[in-house]
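Here is the structure we will look at.
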Amino acid sequence: PVAPRRVVSLVPSETYNLAAIGAGEALIARTDYCELPTDLVAKLPSIGGTKNPNLEAISDLSPDLILANQEENSKKDLETLAQRGFRIYVAFPKSFGDGVAHVARLARIFRVERTPAAKALIAMGYAGMSKDPNGSAPISTFCPIWMDPLMTLNRETFMSDMITLGGGKNVFGDRERKYPLKADLGEMSAWNGDRVANRDTRYPRITKEEIVALAPELVLLPDEPHPFTEDDANMFRALDIPAAKTGNVVRTSGKDLSWYGARSIEGVERLRAIFRDARERRG
């Protein structure tokens, strides 16, 4: 019947979402990885990491709502908090559209759906849901998320949907993570059946040879979850791929690609600009 007034955020993007819709004052704690907006997070105590929050510190704060994410937070931690009687909102947007809908739900939960800030953000989100407005053919794109081991993502992820929305085509869209690791690297037969039934197959480990074979026209290097460096970029530039030959190995913001909700809504046009520049360099 009333908006939550004591909220703990266990997800960096949710901290940003609440600030963006004008409900940041409800936050009483955040994680070590909540970086934005800087003026808000500077005032909030941290309760640890997303994977290892201090459950006792959270309990002592007596929140009336905890914001969590199915992928970023531990199921065991969330179950423990739920057993202690705390209300938890667990989100798991898998697409840009899911993220826009999530922001709209938050606005209703916090009773700010009619405020100018929330209405403008949600309207911007719906406007950004259209594919590349220029109607350009998608540019084949490789986006790693980790360096050692080398990892990427398939089409069942939020980041892959952002690549599509920006104007790209994920070259590893159909690639599933195989188990064990040697199977993912083509060194043995993969497990099947019950042995992989509950395992996450969205983030495959890959080889440089696979990248070369798929010939991406753009290599997109986000600064999170892995902070890809210029040395990493030079490694990809040394590969025999179209992206390296046309100068299309580009470092970019991981937040624009992976922070569902407000940040991705704001980042769509920045992402589309990267793809437009890549097309021009490709010729």
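Please read all numbers here as calculations on a predicted model, not as lab measurements.
For Asp240 and Lys208, the salt-bridge test fails: no basic side-chain N is under 4.0 Å from an acidic carboxylate O. With respect to Glu269 and Arg272, a salt bridge is recorded, a charged nitrogen being found less than 4.0 Å from a carboxylate O. The residues Asp174 and Arg155 are annotated as salt-bridged, a charged nitrogen and a carboxylate oxygen being separated by less than 4.0 angstrom.
Side-chain atoms of Asp77 and Thr80 include no donor-acceptor pair closer than 3.5 Å.
Side-chain N or O atoms of Arg111 include one that pairs as donor or acceptor with a backbone N or O of Ile109 at under 3.5 Å. In terms of modelled atom types and a separation under 3.5 Å, the side chain of Arg177 and the main chain of Asp200 share no donor-acceptor contact. Side chain of Asn73 to backbone of Leu78: no donor-acceptor contact under 3.5 angstrom is found. A donor-acceptor contact shorter than 3.5 Å links the side chain of Ser46 to the backbone of Asp32. The backbone N or O of Ser140 sits less than 3.5 Å from a side-chain atom of Glu217, completing a donor-acceptor pair. Using modelled atom types, one side-chain atom of Asp64 and one backbone atom of Arg6 make a donor-acceptor pair closer than 3.5 Å. Using a distance-only test at 3.5 Å, with no hydrogens or angles considered, a donor-acceptor pair links the side chain of Asn69 to the main chain of Ala91. In this structure, Arg175 contributes its side chain and Arg205 its backbone to a donor-acceptor pair below 3.5 Å. When atom types are taken as modelled, the side chain of Asn248 and the backbone of Ala278 share a donor-acceptor pair closer than 3.5 angstrom. Without hydrogens or angle criteria, Arg30 side chain to Leu44 main chain gives a donor-acceptor distance under 3.5 Å.
Of all non-hydrogen atoms in Pro12 and Thr50, the two that sit nearest each other are CD-CG2, 3.9 Å.
When each of Glu266, Lys255, Arg263 is tested with Tyr16 by the rule side-chain hydrogen bond (donor to acceptor under 3.5 Å, both in side chains), just one qualifies, namely Glu266. The side chain to side chain contact (heavy atoms under 4.5 Å, CB included) with Tyr203 is formed by just one residue from the set Ile145, Thr152, Asn154; it is Ile145. Of the listed residues (Glu156, Glu71, Glu176), just one forms a salt bridge (Lys or Arg N to Asp or Glu O under 4.0 Å) with Arg202, and that residue is Glu71.
Atom CG of Asp194 has 12 or fewer heavy atoms from other residues, nucleotides or ligands within 6.0 Å. Within 6.0 Å of the NZ atom in Lys51, the count of heavy atoms belonging to other residues, nucleotides or ligands exceeds 12. Annotation: Arg114, atom CZ; neighbour count of heavy atoms from other residues, nucleotides and ligands within 6.0 Å does not exceed 12. The environment of Glu25 atom CD is sparse: at most 12 non-hydrogen atoms of other residues, nucleotides or ligands sit within 6.0 angstrom.
Leu257 is connected to Leu153 through a chain of hydrophobic side-chain contacts under 4.5 Å among Ile, Leu, Val, Met, Phe, Trp and Tyr, so both are in one cluster. Under the 4.5 Å side-chain heavy-atom criterion for Ile, Leu, Val, Met, Phe, Trp and Tyr, Ile211 and Met235 are members of the same hydrophobic cluster. In the hydrophobic clustering of ILVMFWY residues, with side-chain heavy atoms under 4.5 Å counting as a link, Phe92 and Val100 come out apart. Both Ile66 and Val90 sit in one connected hydrophobic cluster of ILVMFWY residues. Membership requires side-chain heavy atoms under 4.5 Å apart, directly or through other members.
Interatomic distance, Ile28 CD1 to Arg5 CZ, rounded to the nearest 0.5 Å: 13.5 Å. Atom CH2 of Trp146 is separated from atom CG of Asp148 by 10.0 Å, given to the nearest 0.5 angstrom. Expressed to the nearest 0.5 Å, how far CD of Glu72 lies from CD of Glu14 amounts to 9.0 Å. Taking CE of Met159 as the start and CG of Leu220 as the end, the distance is 7.5 Å to the nearest 0.5 Å. To the nearest 0.5 Å, atoms CZ (Phe96) and CD1 (Ile265) are separated by 5.0 Å. Between Phe86 atom CZ and Leu55 atom CG the span is 10.0 Å, to the nearest 0.5 Å.
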Checking salt bridge (Lys or Arg N to Asp or Glu O under 4.0 Å) for the pair Glu56/Arg84: CA distance, chi angles, key distance, verdict? CA-CA 11 Å; Glu56 298 309 316; Arg84 293 180 182 181; 2.8 Å; yes

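Classification of the Trp191-Tyr179 ring pair by plane angle, with boundaries at 30° and 60°, yields parallel.
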